[in-house]
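Below you'll find the structure, written out as structure tokens, and then a few comments.
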Amino acid sequence: MPDILWLEEIRKEDIAAVGGKGASLGEMSSIGLPVPGGFVVTSRAFRQFLVESGLEDPIFTELEKLDVDDNRALEQVAKRAKSSVMKAKMPAEIRDRIKEAYARLDSGDMVVAVRSSATAEDLPDASFAGQQETYLNIRGEKALLEAVQKCWASLYGARAIYYRAKQGFRDRGVNIAVVVQQLVNSEKAGVMFTSHPVTGEPLTIIEGSWGLGEAVVSGSVSPDKYIFDQRTGKVVDRLIARKAIEIVSDGAHGTKTRDVDKDRQEASVLSDPEVARLANYGKIAETHYAVPQDVEWGIVGDEIFILQSRPITTIRGSVSAPKMEAGESPIIVRGQGASPGIVAGRVVIVHDVKDIGGVQEGDILVTRMTNPDMVPAMRKVAAIVTDEGGMTCHAAIVSRELGTPAVVGTRTATATLRQGQLVTVDGEKGFVYDGVLEQPAAKPATAGFVSLPLITATAVKVNVSIPEAAGRAAATGADGVGLLRIEHLILGLSRTPGWFITNNREEEFVQELYRGIKIVLDAFYGKPVWVRTLDAPTDEFRNMQGGENEPLEHNPMLGWRGIRRDLQSPDQFRLQAEAFRLLWEQGYDNLGVMFPMVSHPDEFVAACAMLEEFGIDTRKATLGIMIEIPSSALLIEDFIRAGIDFASFGTNDLVQYTLAIDRNNENVATMYQPKHPAVLALIDSAIKVCRDNGVECSICGQAGSEPPMVEWLVEHGISSVSANIDAVAKIRETVARTEQRIILESARRSNA
Ligand code: PEP
Ligand code: MG
């Protein structure tokens with residue numbers, strides 16, 4: 001096996017030499033797909049490096065002795081192994097071969113992406129995706145050699161070691177190859193389904209937007225959509241969306257999001273000949289692999305690049321299982337329908353977050369309760385089913401934003417469902433059926449009807465928790481964001497705020513926060529966005545790096561969360577304030593900040609004083625509170641005197657604290673009643689006080705996504721309502737209907 005293999009020399013069987021990623025790119029390139037050019041530094045080169053540098057035995061001996069459940073030891077061993085790989089000298093002949101190969105790429109000046117591609121001897125196609133590093137924007141021999149060595153070192157990252165140990169891999173048998181490939185800074189990019197993903201018809205569906213493909217893949221823009229009929233060779237349908245933002249390369253700093261200039265926003269991304277060329281590549285891939293493909297593509301100038309191709313996992317017809325009519329198929333699990341949609345797939349039961357690596361695209365994730373560490377996997381799956389939780393639990397909130405069907409609070413899913421079982425999940429009704437249901441016929445399109453936008457006096461806003469949902473949220477036409485939960489953003493970093501502080505990585509934390517919030521502010525340019533300061537109960541931090549330092553609380557819901565924690569943790573509060581300050585300084589006047597779990601006006605005053613200390617002029621800033629504790633509803637007048645600009649009912653908590661019903665406990669779910677007279681009395685009186693004082697009063701709890709509750713709120717004078725993404729349309733309709741009824745009734749009364 002040589003040290004270097006060019007992509008076009010590689011076939012899919014070469015996994016042992018080039019890893020899964022390298023083999024797949026090689027195969028694509030060998031069938032004539034325009035894959036960005038490059039080569040692979042094979043696993044042989046890595047082995048030779050380990051042997052010649054004398055590292056092989058010391059590293060493996062240490063790994064074999066390691067108990068991976070001992071976190072400290074794991075971190076130390078990982079650190080030592082990585083640093084010895086980085087310090088060791090790369091054998092001269094490998095070094096020379098890499099340099100030679102690089103010199104052949106555009107005379108040695110090409111900007112490349114350097115990606116790890118791991119493999120295991122005993123299971124060559126083991127998926128180690130995401131376990132090792134990728135380095136983008138690498139230019140020049142020196143930087144390339146260093147990036148290759150860093151990829152090698154990443155094989156010994158703590159997470160990677162842990163994952164392999166838990167999957168039963170022997171480290172001695174695990175290898176790593178490194179793919180060095182032309183970096184494509186796409187001017188336009190997107191995805192393509194080579195056949196219709198639901199019916200399997202020969203209709204190629206292409207979605208595209210400006211800039212890098214990340215914008216389409218992550219859902220942060222609504223892309224243009226083209227349908228190409230392979231039978232007639234024609235574009236049969238197209239939908240040109242308004243593309244407000246694009247993600248582009250930011251030199252050495254990775255990527256950045258920027259506004260699309262006006263004249264491109266509503267322009268078609270692809271011409272018909274480009275659609276046809278793309279569809280043709282799609283057909284080549286589909287014919288070669290003999291199954292419909294999900295393809296990522298990018299275009300620079302006239303040149304099309306195919307970046308990835310993998311089987312579509314959502315074609316129901318391709319699942320080899322008996323089809324059943326809904327009527328004859330047994331419901332095997334019931335719970336609450338937390339995120340609408342019907343989808344079929346194979347069950348993967350995850351008992352421990354550490355096993356999440358086995359979750360594949362299109363699976364049905366079944367678990368006791370999701371937590372923020374699982375969000376990357378939640379993005380991939382077709383549906384989510386949990387034993388615990390209610391409509392406001394983590395699984396419910398995140399699934400709704402991802403647009404993934406979910407059933408929560410089933411009590412029995414992890415015990416009743418079997419690994420690999422084929423099931424159909426109905427996220428609206430809250431049912432899980434055995435087998436694959438026939439999809440109900442699509443509702444006829446409302447062709448010929450033009451729906452006018454509904455203008456309402458009561459603002460209808462939307463809730464956002466993950467920045468990647470900002471595009472979908474903005475596409476609802478909502479009047480702003482009534483709640484941006486930043487804890488999901490922070491928890492997604494898989495390290496606690498405390499970890500960033502103790503490891504002197506504060507700036508990184510601020511930047512992450514700044515970037516995430518900015519994506520949402522950009523998507524809602526000119527509309528108010530209320531960002532809530534951190535509100536994560538200590539138990540949600542537990543699985544993260546740094547989680548070991550979180551206090552153990554008997555009742556985290558009543559514990560150290562929300563503003564009370566920030567007031568006692570000035571560093572944590574300061575970092576959030578820093579991100580807000582940066583955004584305000586850049587002119588994002590649409591940013592408002594909301595404090596959660598406030599129980600006394602003194603807390604609001606203290607929070608403002610701390611913001612002042614951190615350099616924020618609180619007189620200019622828009623600041624408000626959540627009403628989540630009965631005390632804050634009762635003391636709302638004092639809060640107004642203390643200077644709040646707005647208040648928003650967090651009914652998820654207000655209900656639990658008024659009725660003493662744990663919002664996540666399915667045993668008492670039927671007693672969890674947002675319309676309980678005591679809850680309504682608190683809301684009613686607080687709305688009145690806010691109205692009398694001209695202070696905006698809103699709702700951002702789950703009850704704001706439920707039409708009967710919203711009808712009541714509008715009747716009682718709420719100024720705005722913030723709903724979940726999937727509920728905005730129906731809530732806008734409810735608000736409009738209620739407002740019109742109020743006007744009509746009042747007109748009738750005055751005419752009587
Ligand atoms: C609420 O309590 O209603 C709320 C919106 O906050 P969270 O669900 O994040 O506690
Ligand atoms: Mg709350």
Side-chain angles (χ1 to χ4, degrees), residues 336 338-339 369-372 375 389-401 408 461-466 469 473 480-492 529-541 555-566 592-599 603 624-633 646-665 669 672-676 679-680 682-683 686 697-706 709-710 713 718 720-725 727 731:
Q336 296 190 60
S339 176
M369 174 42 64
T370 62
N371 72 35
V375 171
M391 295 296 283
T392 66
C393 69
H394 179 267
I397 291 170
V398 176
S399 320
R400 281 192 293 266
E401 294 210 354
V408 300
K461 303 183 186 177
V462 65
N463 295 341
V464 180
S465 297
I466 45 179
V481 173
L483 166 65
L484 171 58
R485 291 179 165 101
I486 59 168
E487 54 279 3
H488 291 259
L489 203 159
I490 291 169
L491 296 168
V529 173
W530 291 346
V531 177
R532 182 175 73 180
T533 54
L534 197 54
D535 182 14
T538 46
D539 56 335
E540 290 199 2
F541 279 138
N555 198 334
M557 276 289 187
L558 297 176
W560 211 32
R561 57 177 284 210
I563 197 65
R564 24 178 112 156
R565 180 162 188 176
D566 274 349
V593 170
M594 178 157 74
F595 302 127
M597 296 290 293
V598 181
S599 67
E603 289 167 333
I625 57 157
M626 298 208 41
I627 303 181
E628 294 175 290
I629 305 179
S631 62
S632 52
F646 65 86
S648 181
F649 294 108
T651 42
N652 304 341
D653 281 317
L654 186 61
V655 174
Q656 80 167 347
Y657 299 138
T658 307
L659 306 179
I661 297 294
D662 176 351
R663 61 193 259 190
N664 287 339
N665 183 338
Y672 183 90
Q673 293 165 357
K675 291 192 85 177
H676 187 289
V679 178
L680 295 185
L682 286 168
I683 294 180
C697 185
S698 190
I699 177 170
C700 56
Q702 174 64 20
S705 295
E706 286 155 15
M709 180 70 166
V710 169
L713 288 164
I718 196 125
S720 61
V721 175
S722 191
N724 303 325
I725 297 175
I731 290 305

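As the structure lists them, so they are numbered: ligands from 1, and atoms in each ligand from 1. Just so we're clear, the structure is a prediction, and the values are computed from it rather than from any experiment.
Under the 3.5 Å distance criterion, the side-chain polar atoms of T370 are matched with a main-chain donor or acceptor of A395. A donor-acceptor pair under 3.5 Å is absent between the side-chain atoms of E401 and the main chain of A469, judged by distance alone. Looking only at distances, no side-chain donor or acceptor of T533 sits under 3.5 Å from a matching main-chain atom of F595.
For a distance bound of 2.8 Å, the N, O or S atoms of D535 include none lying that close to the Mg ion (ligand 2).
Taken from CD in E706 to CD1 in I731, the straight-line distance is 8.0 Å, to the nearest 0.5 Å.
The closest approach of D653 to the Mg ion (ligand 2), by N/O/S atoms, is made by OD2. The minimum distance between the Mg ion (ligand 2) and any N, O or S atom of E628 involves atom OE2.
Across all their heavy atoms, S599 and S631 have their closest contact at O-OG, 3.0 Å.
A salt bridge links R663 with D653: the distance from a Lys NZ or Arg NE/NH1/NH2 to an Asp or Glu carboxylate oxygen falls below 4.0 Å.
No side-chain heavy atom of I625 sits less than 4.5 Å from a side-chain heavy atom of I563.
Ligand 1 is surrounded by L483, R485, R532, R561, M626, E628, G650, T651, N652, D653, R663, C700, G701, each with at least one heavy atom closer than 4.0 Å.
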